[in-house]
Amino acid sequence: QVQLVESGGGLVQPGGSLRLSCAASGSIFSINAMGWYRQAPGKQRELVAKITSGSSTNYADSVKGRFTISRDNAKNTQYLQMNSLKPEDTAVYYCKAAVTVIRGTYPRDYWGQGTQVTVSS
């Protein structure tokens with residue numbers, strides 16, 4: 001089985017920064033794309049940023065220039081550095097990873113449990 005564990009959420013003032021981490025563990029052969037999503041109250045879950053196995057990145061327009069996604073393949077971990085945070089960034093942030101458990105099989109998506117990020121003065 002594969003588990004994704006997130007950390008780094010919390011309360012921060014507008015203009016502040018937070019760094020989220022998401023560590024994958026368990027029976028892992030390889031990890032393909034990884035990404036961060038968020039869901040605010042009353043809204044649908046949306047993509048924030050994603051990174052391929054080759055470290056190509058893609059961002060939602062709302063976070064471009066403020067957030068940076070990265071990964072450490074040796075640690076099976078991805079990060080989301082969030083700068084210049086705004087109240088509208090408040091949401092539960094979820095990480096996702098496409099994991100191949102057995103060589104030669106298709107990857108499957110796994111999700112973290114979510115971590116709350118609140119931007120408020």
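All of these numbers come straight from a predicted model, not from anything done at the bench. In this chain, numbering begins with 1 at the start of the sequence shown.
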Would you say [X] and [Y] are hydrophobically clustered, going by side-chain heavy atoms of ILVMFWY under 4.5 Å?
X      : Y     : value
Val5   : Val99 : no
Tyr110 : Tyr79 : no
Val92  : Leu18 : no

Handout entry: Cation over ring face, Arg108 and Tyr106, 6.0 Å, 45°
Key =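 No, Arg108 does not sit over the ring of Tyr106.
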Practice task
Check whether more than 12 heavy atoms from other residues, nucleotides or ligands sit under 6.0 Å from atom CD of Gln44, and answer yes or no.
Solution key: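 Counting other residues, nucleotides and ligands, CD of Gln44 stays at 12 neighbours or fewer.
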For the [atom1] atom of [X] and the [atom2] atom of [Y], what is their distance to the nearest 0.5 Å?
X     : Y      : atom1 : atom2 : result
Ile28 : Ile102 : CD1   : CD1   : 13.0 Å
Ile31 : Thr100 : CD1   : OG1   : 9.5 Å
Asn73 : Ser55  : CG    : OG    : 6.0 Å
Tyr37 : Arg45  : OH    : CZ    : 9.5 Å
Ser21 : Leu4   : OG    : CG    : 12.0 Å
Cys95 : Gln113 : SG    : CD    : 7.0 Å

Exercise for the section: Using atom types as modelled and distance alone, determine if a side-chain donor or acceptor of Gln1 lies under 3.5 Å from a backbone N or O of Gly26. Expected result: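 It does not hold such a pair.
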Handout entry: Arg71 side chain vs Ala33 backbone, donor-acceptor pair below 3.5 Å
Key =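 Such a contact is absent between Arg71 side chain and Ala33 backbone.
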Exercise for the section: Using distance alone, with no hydrogens and no angle criterion, decide if Asn83 and Ser17 have a side-chain donor and acceptor under 3.5 Å apart. Expected result: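 Present: a donor and an acceptor within the cut-off.
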Problem - Under the side chain to side chain donor-acceptor pair (under 3.5 Å) test, residues paired with Lys50 that sit two or more places apart - result: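 Lys50 satisfies side chain to side chain donor-acceptor pair (under 3.5 Å) with no residue once adjacent residues are dropped.
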Which pair of heavy atoms, one from [X] and one from [Y], lies closest together, and at what distance?
X      : Y      : result
Phe29  : Val101 : CB-O, 3.5 Å
Val117 : Gly9   : CG2-CA, 4.2 Å
Gln116 : Ala91  : NE2-O, 3.4 Å
Ser121 : Pro14  : N-CD, 3.7 Å

Practice task
Would you please name every residue forming a ring pair (Phe, Tyr, Trp, His ring centres under 6.0 Å) with Tyr94, sequence neighbours left out?
Solution key: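 For Tyr94 there are no ring pair (Phe, Tyr, Trp, His ring centres under 6.0 Å) partners, ignoring immediate neighbours.
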Using distance only, find each side-chain donor-acceptor pair of residues 59-69 under 3.5 Å and give its atom names and separation, not counting sequence neighbours.
residue, atom, partner, partner atom, Å
Tyr59, OH, Ile69, N, 2.9
Asp61, OD1, Lys64, NZ, 3.1
Ser62, OG, Arg38, NH2, 3.3
Arg66, NH1, Ser84, O, 2.9
Arg66, NH1, Asp89, OD2, 2.8
Arg66, NH2, Ser62, O, 2.8
Arg66, NH2, Asp89, OD1, 3.0
Arg66, NH2, Asp89, OD2, 3.4

Practice task
Tell me, please, which residues at least two apart from Asp109 pass salt bridge (charged side-chain N to carboxylate O under 4.0 Å, His left out).
Solution key: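 Listed in chain order: Lys96.
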Handout entry: Residue list, salt bridge (charged side-chain N to carboxylate O under 4.0 Å, His left out) with Lys43, at least two apart or on another chain
Key =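 With sequence neighbours excluded, Lys43 shows a salt bridge (charged side-chain N to carboxylate O under 4.0 Å, His left out) to no residue whatsoever.
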Exercise for the section: Name all pairs fulfilling the side-chain hydrogen bond (donor to acceptor under 3.5 Å, both in side chains) condition that reach into residues 4-14, sequence neighbours left out, sorted by first residue then second. Expected result: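 Matches after skipping sequence neighbours: none remain.
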Exercise for the section: Would you please test Ser120 and Leu11 for side chain to side chain contact (heavy atoms under 4.5 Å, CB included) and show each step? Expected result: CA-CA 7 Å; Ser120 175; Leu11 173 64; 4.3 Å; yes
